J.: 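I have a structure here, written as structure tokens, and I will follow up with some questions on it.
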Amino acid sequence: MDVQVQRTLVIPPPPSEPSAEVPLTVFDLVAPAYHVTVLFAYAPPNPTNAALLHALTATLPRFPLLTARRPSQPDHRRPFFLTGKGGAGALVVEAAVSSPLADHLPLAPSRDLERLHVPVDGDTPHVLVLQINRFACGGLLVASSAHHQAADGYSMSTFFHAWADAVRAGASGAPPVVDRPPVPYGPGAVVPRRPPRCEFEHRGAEFLPRDAAARRPPPARVHPSEIANLLLHFTGELVADLKACAHNKYTTFETVSAHLWRKITAARGRADDPARTALNVTVNGRARLGPDSLPRGFFGNAVLTASAGTGARALARGSLADAAALVRAGVRARDRRYFQSFVDFGALRGGEELEPAVGDEDNVLLPDVAADSWLHLELHRLDFGCGGRLAGILPAHSPLDGVVVLIPGLGKAGGVDVFVSLWHKHAEVLRDIAYAMD
């Protein structure tokens, strides 16, 4: 794939906004400390780059964290984002691709796709990095990289739709001016009870215990080249069959994630292993907490991990309904009381340094699986106008073993696309067994 960078620019924070240090919320502290990159591909016709950038400049003031600066050597006892005039701004790269978009559809994991987004690492000061790729046919691929400690998937979906709304407003002749106040964000928007009280033990769950002398075991790592990414497509008919196999009692996410948990466990050769395996699920706490704890439109992180666990052999020998029931029970355990306890824990910790229980150094989750759902983020409805059809949504390459992301299928028949990142030797087995109903 021939990709030529044409221009690099920075959209700065509003110059009228003074610099401000925004400490991380307790939710931000357990979020991964890296950028998450997502690719959106659109068939022609599409708005011009000028229209996209004009709307982006109008939209970003509503989202101060996206033009903030990540200090290169933050104080680990009090990590923060620097907003306002001290922010790094949003980095934008414009690029041209000599081939038509159709040559690269359907969008599927490939190392070639890395040319379509800006490389980011721990030293990248920008919270938001965008690459706008224009194909020879007029096709468009927007690659967004956003730092996870600033925003979760729901928050980024809110931003994407606000940007798209501004683009469409400009195309209709109205100036894409977003004269709305900034979204609520930061610790001041996360409200504990009065008085705050912890009803659950969050040290040992989300954070390492205070007296963890041994800290955590050495990171489990393999070389990133040993991790394969693949995209599975579960047709609407197959999803219906899986649901029927689970007695039509469970949601699409509960059913499909439970199915993949069982298949990945089998692909790893652990079907006869009595040791524990867990499916760890990202749970959005906004609806659980309500407006008294998180204001409407809150931008940032508001997710925690729920865990469903059992013996690998029991998982393999049990039914799909049994596995889906475990997933449901794990998710429901992260209820309003649990989320509120977590918010209160953040208020009670004072200035204590907290270290997440799950380290960013590990890239092998075996024997566990981490599942995330994009089914309700409305990303599949993202519309920049001009009639361009959304032809693909895909996470960028992941170097983590055991990651599963459920994405709405974009075809007329619907269904679910599933991005899987897995140790290469296990991924080859999974390809052969993923669609089997047993």
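This structure is a prediction, so every number in the text was calculated from the model and none was measured.
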J.: Is a side-chain N or O of Arg193 found less than 3.5 angstrom from the main chain of Val343, in a donor-acceptor match?
T.: no
J.: Is there side-chain contact between Arg337 and Phe200, with at least one heavy-atom pair below 4.5 Å?
T.: yes
J.: Between Pro224 and His397, which heavy-atom pair has the shortest distance, and what is it?
T.: O-NE2, 4.5 Å
J.: Check each of Tyr338, Phe27, Phe207 against His202 using the ring-ring contact (aromatic ring centres under 6.0 Å, His included) test, and report the only one that passes.
T.: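 Per the ring-ring contact (aromatic ring centres under 6.0 Å, His included) rule, the option paired with His202 is Tyr338, out of Tyr338, Phe27, Phe207.
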J.: Is the side chain of Asp28 donor-acceptor paired with the backbone N or O of Thr25 at a distance under 3.5 Å, no angle test?
T.: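 Confirmed, Asp28 side chain pairs with Thr25 backbone.
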J.: In chain order, what residues pass the side chain to side chain contact (heavy atoms under 4.5 Å, CB included) check against Val36, with sequence neighbours excluded?
T.: Tyr34, Val38, His148
J.: Let's go through Val281 and Ser257 carefully: what are the C-alpha distance in whole Å and the side-chain angles of both, what is the deciding distance for side-chain contact (heavy atoms from CB on, under 4.5 Å) to 0.1 Å, and is it a yes or a no?
T.: CA-CA 9 Å; Val281 177; Ser257 63; 5.5 Å; no
J.: Taking Arg168 for its side chain and Gly385 for its backbone only, find out whether a donor-acceptor pair lies under 3.5 Å.
T.: no
J.: So do the side chains of Glu355 and Glu353 get within less than 4.5 Å of each other, counting heavy atoms only?
T.: no
J.: Per the ring-ring contact (aromatic ring centres under 6.0 Å, His included) rule, what does the pair list look like for residues 251-277, sequence neighbours excluded?
T.: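 Pairs touching residues 251-277 that pass the test: Phe234-His259.
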J.: Let me confirm one number: the CG-CG distance from Leu231 to Asp417, rounded to the nearest 0.5 Å.
T.: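 Spacing of CG (Leu231) from CG (Asp417) equals 5.0 Å.
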J.: A side-chain contact here means heavy atoms from C-beta on lying under 4.5 Å apart; do Leu128 and Phe159 qualify?
T.: yes
J.: Report yes or no: does Arg62 contribute a side-chain atom to a donor-acceptor pair with the main-chain N or O of Val183 at less than 3.5 Å?
T.: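 Checking the backbone N and O of Val183 against the side chain of Arg62, no donor-acceptor pair under 3.5 Å is found.
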J.: Which atoms form the tightest heavy-atom contact between Ser421 and Asn229, and what is the distance?
T.: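 Taking Ser421 first and Asn229 second, the nearest heavy atoms are OG-ND2, 3.0 Å.
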J.: Is the closest side-chain heavy-atom distance between Leu52 and Leu140 below 4.5 Å?
T.: yes
J.: Of the non-hydrogen atoms in Asn46 and Gly388, which two are nearest, and what is the gap between them?
T.: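 Looking at all heavy atoms of both residues, the shortest contact is OD1-CA, 4.0 Å.
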J.: Can you name the nearest heavy-atom pair linking Ala267 to Leu430, along with the distance?
T.: CB-N, 3.9 Å
J.: Within the 4.5 Å heavy-atom criterion, are Leu130 and Leu56 side-chain neighbours or not?
T.: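 Leu130 reaches Leu56 side chain to side chain.
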J.: Can you tell me how far apart CG (Asp152) and OG1 (Thr158) are? Round to the nearest 0.5 Å.
T.: 8.5 Å
J.: Arg334 and Thr305: side-chain contact (heavy atoms from CB on, under 4.5 Å), yes or no, with the steps?
T.: CA-CA 8 Å; Arg334 294 296 184 257; Thr305 298; over 6 Å; no
J.: Thr83 side chain to Pro64 main-chain N or O, any donor-acceptor pair under 3.5 Å?
T.: no
J.: In Å, rounded to the nearest 0.5 Å, how long is the span from NE2 of His424 to CG of Asp401?
T.: 12.5 Å
J.: Got a second to check how far Leu394's CG is from Thr37's OG1, nearest 0.5 Å?
T.: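 If I round to the nearest 0.5 Å, the distance is 11.0 Å.
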J.: Which residue pairs pass the ring-ring contact (aromatic ring centres under 6.0 Å, His included) test when at least one of the two sits in residues 103-132, sequence neighbours left out?
T.: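 Every ring-ring contact (aromatic ring centres under 6.0 Å, His included) pair that includes a residue of residues 103-132, provided the two are not neighbours, is His104-Phe135.
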J.: Any side-chain heavy atom of Met1 within less than 4.5 Å of one from Val97?
T.: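 Yes, their side chains come closer than 4.5 Å.
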J.: Please confirm whether the backbone N or O of Arg115 pairs with a side-chain atom of Gln131, one donor and one acceptor, at under 3.5 Å?
T.: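 Yes, the answer is positive, given that a donor and an acceptor are paired below the 3.5 Å cut-off.
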J.: Just wondering, do Phe339 and Leu294 contact through their side chains at under 4.5 Å, heavy atoms?
T.: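 No. Closest side-chain heavy atoms not under 4.5 Å.
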J.: Identify the two heavy atoms, one from Pro295 and one from Ala189, that lie closest to each other, and give their separation to 0.1 Å.
T.: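 For Pro295 versus Ala189, the nearest heavy atoms are CD-O, 3.0 Å.
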J.: Do NZ/NE/NH1/NH2 and the carboxylate oxygens of Asp432 and Lys263 come within less than 4.0 Å?
T.: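 Salt bridge absent between Asp432 and Lys263.
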J.: Describe, in one word, how the ring planes of His35 and His147 are oriented to each other, choosing from parallel (under 30°), tilted (30 to 60°) and perpendicular (over 60°).
T.: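 Ring orientation, 0 to 90° scale: perpendicular.
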J.: For Leu379, is there any backbone N or O sitting under 3.5 Å from a side-chain donor or acceptor partner on Ser157?
T.: no
J.: Roughly how far, to the nearest 0.5 Å, is OG1 of Thr282 from CG of Asp372?
T.: 4.0 Å
J.: List in chain and number order the residues that pass side chain to side chain contact (heavy atoms under 4.5 Å, CB included) with Ala370, two or more places apart in sequence or in another chain; answer none if no residue qualifies.
T.: Leu365
J.: Where do Arg313 and Asp272 come nearest, in terms of heavy atoms and distance?
T.: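 Smallest heavy-atom distance, with atoms named: NH1-O, 3.6 Å.
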J.: Pair His376, Asn284 - check side-chain contact (heavy atoms from CB on, under 4.5 Å), show working.
T.: CA-CA 11 Å; His376 301 293; Asn284 186 351; over 6 Å; no
J.: Counting only N and O atoms by type, is there a donor-acceptor contact under 3.5 Å from the side chain of Arg296 to the main-chain atoms of Pro291?
T.: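 Judged by distance alone, no pair lies under 3.5 Å.
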J.: Could you check whether atom CZ of Arg381 has more than 12 heavy atoms from other residues, nucleotides or ligands sitting under 6.0 Å from it?
T.: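 It does not: Arg381 CZ has 12 such atoms or fewer within range.
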J.: Step through the shown structure and confirm whether more than 12 heavy atoms of other residues, nucleotides or ligands are within 6.0 Å of CZ on Phe160.
T.: yes
J.: When you measure from the side chain of Asp368 to the backbone of Ala278, do you find a donor-acceptor pair of N or O atoms at a distance under 3.5 Å?
T.: yes
J.: Would you kindly say whether Gln340 and Ser293 are connected by a side-chain donor-acceptor distance under 3.5 Å?
T.: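 Indeed, the side chains of Gln340 and Ser293 share at least one donor-acceptor pair under 3.5 Å.
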J.: Apply side chain to side chain contact (heavy atoms under 4.5 Å, CB included) to Pro395 and list each qualifying residue two or more places apart in sequence or on a separate chain.
T.: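 Once residues adjacent in sequence are excluded, the partners of Pro395 under the side chain to side chain contact (heavy atoms under 4.5 Å, CB included) criterion are Trp374, Ile407, Phe419.
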J.: Please check if atom CD in Glu199 has more than 12 non-hydrogen atoms from other residues, nucleotides or ligands closer than 6.0 Å.
T.: yes
J.: Check the pair Leu390, Asp383 against side-chain contact (heavy atoms from CB on, under 4.5 Å), reporting the backbone distance first and the verdict last.
T.: CA-CA 7 Å; Leu390 181 60; Asp383 179 11; over 6 Å; no
J.: Just by distance, with hydrogens left out, do Asp344 and Ser341 show a side-chain donor and acceptor under 3.5 Å apart?
T.: no
J.: Measure the spacing between CG of Leu107 and CG of Leu113 and express it to the nearest 0.5 Å.
T.: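 If I round to the nearest 0.5 Å, the distance is 5.5 Å.
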J.: Does one side chain, of Ser225 or Arg111, offer a donor that lies under 3.5 Å from an acceptor on the other?
T.: no
J.: By side chain to side chain contact (heavy atoms under 4.5 Å, CB included), which residues pair with Val222, not counting sequence neighbours?
T.: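 Applying side chain to side chain contact (heavy atoms under 4.5 Å, CB included) to Val222 gives Glu226, Ile227, Asn363, Val364, Trp423.
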J.: Mind checking whether Leu304 and Val283 have side chains closer than 4.5 Å, heavy atoms only?
T.: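 No, their side chains stay 4.5 Å or more apart.
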J.: Using a 3.5 Å distance criterion without hydrogens, assess whether the side chain of Asn301 forms a donor-acceptor pair with backbone atoms of Ala31.
T.: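 Not confirmed, Asn301 side chain does not pair with Ala31 backbone.
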